[in-house]
Amino acid sequence: MAFTLPLSPAKTLTATITQFPENPKTLILEQCKTTKDLNQIHAHLIKTRRLLNPTIAENLLECAAILLPEPMDYALSMFYKIDEPTSSAYTIMIRGFTLKQSPLEAILLYKKMRENSVEPDQFTFPCILKACSRMQALSEGEQIHAQIMKCGFGSYMFCENTLIHMYAHCGKVEVARRVFDGMSERSIVTWNSMVAGYTKSGYWEDVVKLFRKMMELDVRFDEVTLVSVLTACGRLADLELGEWISGYIEANGLKGNPTLITSLVDMYAKCGRVDTARRLFDQMPRRDVVAWSAMISGYNQASQCREALDLFHEMQRANVDPNEVTMVSVLSSCAVLGALETGKWVHFYIKKKRMKLTVTLGTALIDFYAKCGSIDSSVEVFERMHSKNVLSWTVLIQGLASNGQGKRALEFFNLMQEKNIEPIDVTFIGVLSACSHMGLVDEGRSFFVGMSRDFGIEPRIEHYGCMVDILGRAGLIEEAYQFITNMPIQPNAVVWRTLLASCKVHKNVEFGEESLKHLVRLEPTHSGDYILLSNIYASVGRWEDALRVRSQMKEKGIKKTPGCSLIELDGVIHEFFAEDNVHPFSKEIYNATEDMMKRIKSAGYVPNTAEARLDAKEDDKEASVSHHSEKLAIAFGLIKTAPGTTIRISKNLRVCTDCHNATKIISKIFNREIVVRDRNRFHHFKDGSCSCNDYW
DNA sequence: GTAGGGTTAG
């Protein structure tokens, strides 16, 4: 400006204000950039008594409350000195409090404003409604809605827009929609508020419906709209609409918006197009923590857990700090892979960075430890969590049950009810599997009946499966069979397989044959089922029949699925298949296995069980332990670990009787604690015995 | 003066 004097900025400013007393507003707002400016202008205006001018006072108040990132104290001290604050002074203060994360103060001040009989105006209402949204203060919001109507601002668009936002934020999407429908005129803010409202409540179908309506009515939408719609497409697996939006983004040059691209990545991953998602992710010039998290969670949800962990390591090399959301997906992948060391490191990192242990993160940790067989750590995390929800309890109960601690699982279930936490359907899967572990048949029956009677939860196929397991394991094979035939829903392969497995344990040929009939119909190529029946025949000495089933398998071209084990060493996951000679450690393992077998045999163990003998006849060579991949992994563990250490093996196939017995002996003669994960059940071997006493 | 977006546990 021409009149600028060579003084300090503030002095320059006070000089200009003196020169233009009639219009100080823009000057104050434009020039007041720092706290120092504010102090000097404030002092000057007091000295010249011009703060008594209400307009000037309000402008300065706006600087302190809104423009500068000051705490509200300064503005408040100024506000108190105003004799009779007008509604605009109150509005400035309400806005300031909401902006500076003190919506409660905003609401209290609004109450005071009403007590002092100051009439709110059309500017006050949107501001105070925003504070209500933040606080999720529904009843206050409703009162303000009534006041808006009384004051005649009911069809004022800014008020209506904020009403939509407030209702949606307080969980009243339907009311928000009513406000929306009642509007005679809508802006893009109106539509986006409604879309965001549906998004917040997870009403994905409504998001898409509303978006289609926007297109139908030729309403303008923007990037914010598209982000919400893409999120909805991902949740609904609506790839068609997702791809259309993708094309729109391309055609309209919106690819520079990282948030938009992240939601595209998320959409593609959730629709099963993980590779497309990855290509987009790789093309992003800058990736923030959310972009990385979206891609990692994409891999995790697509069951590509190794890729998820690889990407997590890449993220660290790229020096992007993960947040608690990232960690949830990472832990979930660790749980699937049984990657205890990696997951433990994640836990350590969470503590070191003082990350907030949210309910979700805590629950992911509980689940991770449980699925890695470290059930004590699960309980420890659970006990330390400040807030828990039904899923935290459920995951813990399931974890205890699958780790052979059925009694503790039921104790936690009782405790949960004492705390008035309503169980969900999954909770009962944990409870019922705890019963099957402990052979609690009557309790199992009564939980099964009680879940629908007392909690209104209709049993799903999984619950029926649990009941079959309970009855079958307890030797009540015929009752289990009757239970299946009386089920109100169609039994699936898992249910019949459960029965078949208990027929194996109890050497029941009749119902074993019956189960296989159904299994052949439902899943004709599932090799494990034939093997199970073949082993049932073998266990009662019917070798001819046993071999007949095996040759039937061959005729049908069904191959035995190779056993597969995962073992983590120094944070690296090694994957071994039975008869593996590809893995670089194969030779080493083979030698160790041979050596191990010698020692096992000299300790008095003879591998003489049915499956081993059958395999021997089939392959025309002596049954050796080496074809059981878990034993490969154990051998691998033995050569790499010191006595006394725990060896952990994650498996995705059943542990056979043969290897179960062998592992017991190994744990004793090699002095190792061995944790074997057989799908989602655990066997803790120590000192020659196993935690599961119901299984073999 | 109003909205403001993407990643999370079974």
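Worth knowing before you read on, the calculation uses all heavy atoms, side chains too, and leaves out hydrogens, waters and symmetry mates.
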Charged N to carboxylate O under 4.0 angstrom, A:R279 versus A:D275?
no

Any base atoms under 4.0 Å from A:D425, or only sugar-phosphate, or nothing? Heavy atoms, all strands.
base

State which residues pass salt bridge (charged side-chain N to carboxylate O under 4.0 Å, His left out) with A:R287; sequence neighbours excluded, sorted by chain then number.
none

Return all side-chain donor-acceptor pairs below 3.5 angstrom for residues 127-134 of chain A, not counting sequence neighbours, or 'none' if the list is empty.
{"from": "A:S133", "atom 1": "OG", "to": "A:L129", "atom 2": "O", "distance (Å)": "3.2"}
{"from": "A:S133", "atom 1": "OG", "to": "A:H165", "atom 2": "ND1", "distance (Å)": "3.4"}
{"from": "A:R134", "atom 1": "NH1", "to": "A:T98", "atom 2": "O", "distance (Å)": "3.0"}

With a 4.0 Å cut-off on heavy atoms, is A:N300 in touch with a base, just the backbone sugar-phosphate, or nothing at all?
nothing

Quick check for you: name the first and last nucleotides of DNA chain B, 5' to 3', having an atom under 4.0 Å from a heavy atom of chain A.
B:dG1 to B:dG10

Residue pairs, two or more places apart or on separate chains, that pass salt bridge (Lys or Arg N to Asp or Glu O under 4.0 Å) and touch residues 313-337 of chain A
A:R278-A:E314

With sequence neighbours excluded, what pairs up with A:S193 under the side chain to side chain donor-acceptor pair (under 3.5 Å) test?
none

A:E422: which residues meet the side chain to side chain donor-acceptor pair (under 3.5 Å) condition with it, sequence neighbours left out?
none

Does anything in residues 362-373 of chain A pair up under salt bridge (Lys or Arg N to Asp or Glu O under 4.0 Å), and if so which pairs, sequence neighbours excluded?
A:D367-A:K371

Interface with DNA chain B, restricted to residues 260-284 of chain A and to heavy atoms under 4.0 Å:
A:T262, A:D266, A:K270

For A:R186, answer base if it contacts any base atom (sugar-phosphate contacts may also be present), sugar-phosphate if it contacts only those atoms, and nothing otherwise; contact means non-hydrogen atoms under 4.0 Å.
nothing

Give one of base, sugar-phosphate or nothing for A:E223, where a contact means two heavy atoms less than 4.0 Å apart.
base

So what does A:V290 hit on the nucleic acid, given a heavy-atom distance under 4.0 Å: a base, only sugar-phosphate, or nothing?
base

Contacts of A:V289 meeting side chain to side chain contact (heavy atoms under 4.5 Å, CB included) (sequence neighbours excluded), chain-then-number -> A:S293, A:M315, A:V320, A:N323, A:T326

Hey, does A:S193 reach any base, or is it just sugar-phosphate, or nothing, if we go heavy atoms under 4.0 Å?
sugar-phosphate

Only pairs under 3.5 Å count here: list side-chain donor-acceptor contacts from residues 346-359 of chain A, not counting sequence neighbours, and write none if there are none.
{"from": "A:H347", "atom 1": "ND1", "to": "A:Y369", "atom 2": "OH", "distance (Å)": "2.8"}
{"from": "A:T358", "atom 1": "OG1", "to": "A:L361", "atom 2": "N", "distance (Å)": "3.2"}

Please list, by residue number, the residues of residues 307-335 of chain A whose heavy atoms come closer than 4.0 Å to an atom of DNA chain B; answer none if no residue qualifies.
A:N323, A:V325, A:V328, A:S329

Just jot down the side chain to side chain donor-acceptor pair (under 3.5 Å) partners of A:T124, sequence neighbours excluded, or say none.
A:T91, A:D121

Under 4.0 Å between a Lys/Arg side-chain N and an Asp/Glu carboxylate O for A:E380 and A:R384?
yes

Pick base, sugar-phosphate or nothing for A:T231, based on heavy-atom distances below 4.0 Å to the nucleic acid.
sugar-phosphate

Sugar-phosphate, base or nothing in reach of A:Q301, heavy atoms under 4.0 Å:
sugar-phosphate

Give A:I424 one of three labels, base, sugar-phosphate or nothing, depending on what nucleic acid heavy atoms sit under 4.0 Å from its own.
base

